[in-house]
A.B. asks: 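Quick one: this structure, given as structure tokens, is what I'll be asking you about.
Numbering of residues begins at 1 and proceeds along the displayed sequence.
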Amino acid sequence: MQQQPKQHHFDLTRLGLIGRGLLVGLLTGVVVSVFRFCIERGLKVVQWIYGQIAQTPWLIVPWIGLSLIVAVFVGLLVKKVPDIKGSGIPQVEGQLAGELDYAWWPVLWRKFVGGILGIGSGLFLGREGPSIQLGATIGQGFAEKTHQTGADRRSLIAGGAAGGLSAAFNAPIASTLFVLEEVYHNFSPIIWTTALTSAIASNFVSLNFFGLVPVLHIPYGTNLPLSQYGNLVGLGVFLGVFGYLYQNVTLTMPSWYAKLRLPSWLDGIVPFLLIIPIGLFWPKLLGGGNAVILNIAAITPALLPLIGIFVLRFVFSTLSYGSGLPGGIFLPILSLGAILGAIYAQVMVAVGWMPANFVPNFIIFAMAGYFAGIGKAPFTAILLITEMVGTLHHLMPLAVVSMTAYLVVDLLGGAPIYEALLEKLTLPKLPEHSGIQDRLEIPIFEGATFEGHQVRDFKWPKESLLIAIRRGERQVIPHGDTLMRAGDTLIILTDRSNRAWVRHQIDKLNVSPT
């Protein structure tokens, strides 16, 4: 009997993901690059205006009036569509988890306009969170126009989010990892393929706008010797304590605003008015902090001025974010980390425990450590600073500082800042039924409850069905005796409306080590 020749079929699934991710990335790159350009130009105009006010004091009156008008206008945008408030990262995380949803177009244009007016006015807010939400919203709109649903829709939202951060920071690898580590919490092949493609495409567009120089190009003299690694641990502990403090102040700031008894959409008046004295006396400190980082690295101030700059930026960045205006904490966190790194280094230099030529190194290390502690995303922190600074020489010190800060915040009981902010936005939902099926992916980590147990050992939510277990490159069809292993990913079928509820129920069963 003649053997039939083997037929080879092309699997176009990954090609389709890459194609869609490419288109979303290009669109996101254009939108976020224009967004970033407008903010940078706006900040320069605002600093010029403060210079004019210093020469012609009576101009302060119309400037206060204009500031109030802008604050009220942005507040009205937030009142109309509350999903544009803050950084937008918790909202994107909630969308991917199925805990909230919103119409894409009203959020897109309002976040764009509100972000430019708020961040470009000099408030201590970052462009990165809004850039992530802008990208995610573009991905959502693309999915709607091309009739993508379920996992394909989520992959486009995640891809847009990665593209948004990539265009804001010119860091495509770290942007992809941030979405996987901090926003989606799952290294799904569908998600990372789309996210990486989108981030690369978006970064290409952004580089054409702003050039090839890294966003935070900080020159340094020599690599840190091993004899100074004890100071890295000390820096990590220092950053962890202040990171925990930042988490708590940021999370409680909205309740402090509530004591003003103003309508929430008018809370933005407070930072818009309080920023005016800062603009008059220290205009170079305005904005998210990119210029602050570069200036401190170039000419590091003495210890007392550094402490004053830190207190000022700490207080006003939390005030700005707590008001609910469209703007993020990503870059403000990095700028605070850089200042803390300079403070720590200056103290060590003063007591003779470190040569002065290593101060720029510690500014770089501290940015990663502070973000790793507050966001509890050390991998992202290490890669982000590596890409933003433009050198691989700092990988080992970055890892030591980031893991130390992460551990300190964890021991103090700090939660990932974006997850904590999401919890304040959403309430647990009861099961619903939309009649549309969707899939949920649950990874099993080392030490999780599911590891080493059979499927039959657990009472699964009745609104769900375990249809497959992805194990490496293959899928296993499960039955009651199937043993679940670390590294597996459970593929669970449920109603689209129940994704978040089912995830919460399964998370209670599958307690993972933190």
Side-chain angles (χ1 to χ4, degrees), residues 89-90 93 174 177-178 180-183 185-186 224 228-253 255 307 310-311 314-315 317-318 321 329-330 332-345 347-348 353-354 362-385 394-424 443-449 451 486 504 507-508 510-514:
I89 296 176
E93 188 173 341
L177 188 58
F178 177 77
L180 299 175
E181 183 182 24
E182 180 64 20
V183 179
H185 306 289
N186 191 345
L224 193 73
Q228 289 293 326
Y229 271 53
N231 272 325
L232 293 180
V233 176
L235 176 63
V237 174
F238 182 63
L239 294 171
V241 171
F242 277 94
Y244 180 72
L245 175 65
Y246 183 89
Q247 284 185 340
N248 282 274
V249 173
T250 300
L251 293 173
T252 55
M253 188 59 72
S255 63
I307 294 173
F310 174 77
V311 172
F314 186 96
V315 171
S317 65
T318 51
Y321 188 79
I329 56 175
F330 211 123
I333 287 174
L334 297 183
S335 65
L336 288 172
I339 298 166
L340 287 173
I343 291 173
Y344 181 89
V347 171
M348 293 301 105
W353 290 358
M354 189 180 78
F362 275 70
I363 291 172
I364 294 170
F365 306 152
M367 287 191 287
Y370 203 53
F371 181 80
I374 294 173
K376 301 194 80 171
F379 286 107
T380 298
I382 294 166
L383 275 180
L384 181 68
I385 300 305
H394 298 305
L395 277 177
M396 185 62 178
L398 288 174
V400 173
V401 174
S402 296
M403 287 307 299
T404 305
Y406 172 89
L407 180 61
V408 170
V409 174
D410 195 63
L411 290 173
L412 292 173
I417 187 67
Y418 294 114
E419 281 189 35
L421 291 169
L422 175 61
E423 287 181 7
K424 289 182 171 291
I444 301 178
F445 301 107
E446 290 282 352
T449 306
E451 182 189 2
H504 284 305
D507 284 345
K508 292 178 183 178
N510 183 37
V511 179
S512 298
T514 55

A.B. asks: Assert yes or no for the condition that the ring centre distance of F242 to F314 is strictly below 6.0 Å.
C.D. replies: no
A.B. asks: Give a yes or no answer on whether the side chain of K376 reaches the backbone of G414 with a donor-acceptor pair at less than 3.5 Å.
C.D. replies: yes
A.B. asks: To the nearest 0.5 Å, what is the distance between CD1 (I382) and CE (M396)?
C.D. replies: 10.0 Å
A.B. asks: Hey, is CZ on F379 packed in by over 12 heavy atoms from elsewhere, all under 6.0 Å?
C.D. replies: no
A.B. asks: With rounding to the nearest 0.5 Å, note down the distance linking CD1 in I385 to CG in L395.
C.D. replies: 12.0 Å
A.B. asks: Quick one: CG on L336 to CD1 on I343, what's the gap to the nearest 0.5 Å?
C.D. replies: 9.5 Å
A.B. asks: Could you tell me which non-hydrogen atom of A338 sits nearest to which non-hydrogen atom of I363, and how far apart they are?
C.D. replies: CB-CG2, 3.7 Å
A.B. asks: Using a 4.5 Å cut-off on heavy atoms from C-beta on, say whether the side chain of L398 contacts that of L383.
C.D. replies: no
A.B. asks: For the CZ atom of F310 and the CG atom of L340, what is their distance to the nearest 0.5 Å?
C.D. replies: 4.0 Å
A.B. asks: Go through it in stages, so that I can follow the logic: the residues are T250 and Y321, the test is side-chain contact (heavy atoms from CB on, under 4.5 Å), and I'd like the CA-CA distance, side-chain angles, deciding distance and then a yes or no.
C.D. replies: CA-CA 8 Å; T250 300; Y321 188 79; 3.9 Å; yes
A.B. asks: Is there a side-chain contact between F238 and N231, using heavy atoms and a 4.5 Å cut-off?
C.D. replies: no
A.B. asks: Contact between F178 and L384 at the side-chain level, heavy atoms closer than 4.5 Å - yes or no?
C.D. replies: no
A.B. asks: So, does Q247 use its side chain to make a donor-acceptor pair with the main chain of A415 at under 3.5 Å?
C.D. replies: yes
A.B. asks: What is the distance from atom CD1 of I364 to atom CG of L334, rounded to the nearest 0.5 Å?
C.D. replies: 12.5 Å
A.B. asks: Name all residues meeting the ring-ring contact (aromatic ring centres under 6.0 Å, His included) criterion together with F365; count only those two or more places apart in sequence or in a different chain, and write none if there are none.
C.D. replies: F362, H394
A.B. asks: Keeping E181 on the side-chain end and T380 on the backbone end, is there a donor-acceptor pair under 3.5 Å?
C.D. replies: yes
A.B. asks: Supply the atom-to-atom distance Y370 OH to S402 OG, rounded to the nearest 0.5 angstrom.
C.D. replies: 14.0 Å
A.B. asks: Between W353 and V347, does the side-chain contact (heavy atoms from CB on, under 4.5 Å) criterion hold? Intermediate values first, please.
C.D. replies: CA-CA 9 Å; W353 290 358; V347 171; over 6 Å; no
A.B. asks: Report the relative orientation of the aromatic rings in Y418 and F330; use parallel for angles under 30°, tilted for 30 to 60°, perpendicular for over 60°.
C.D. replies: tilted
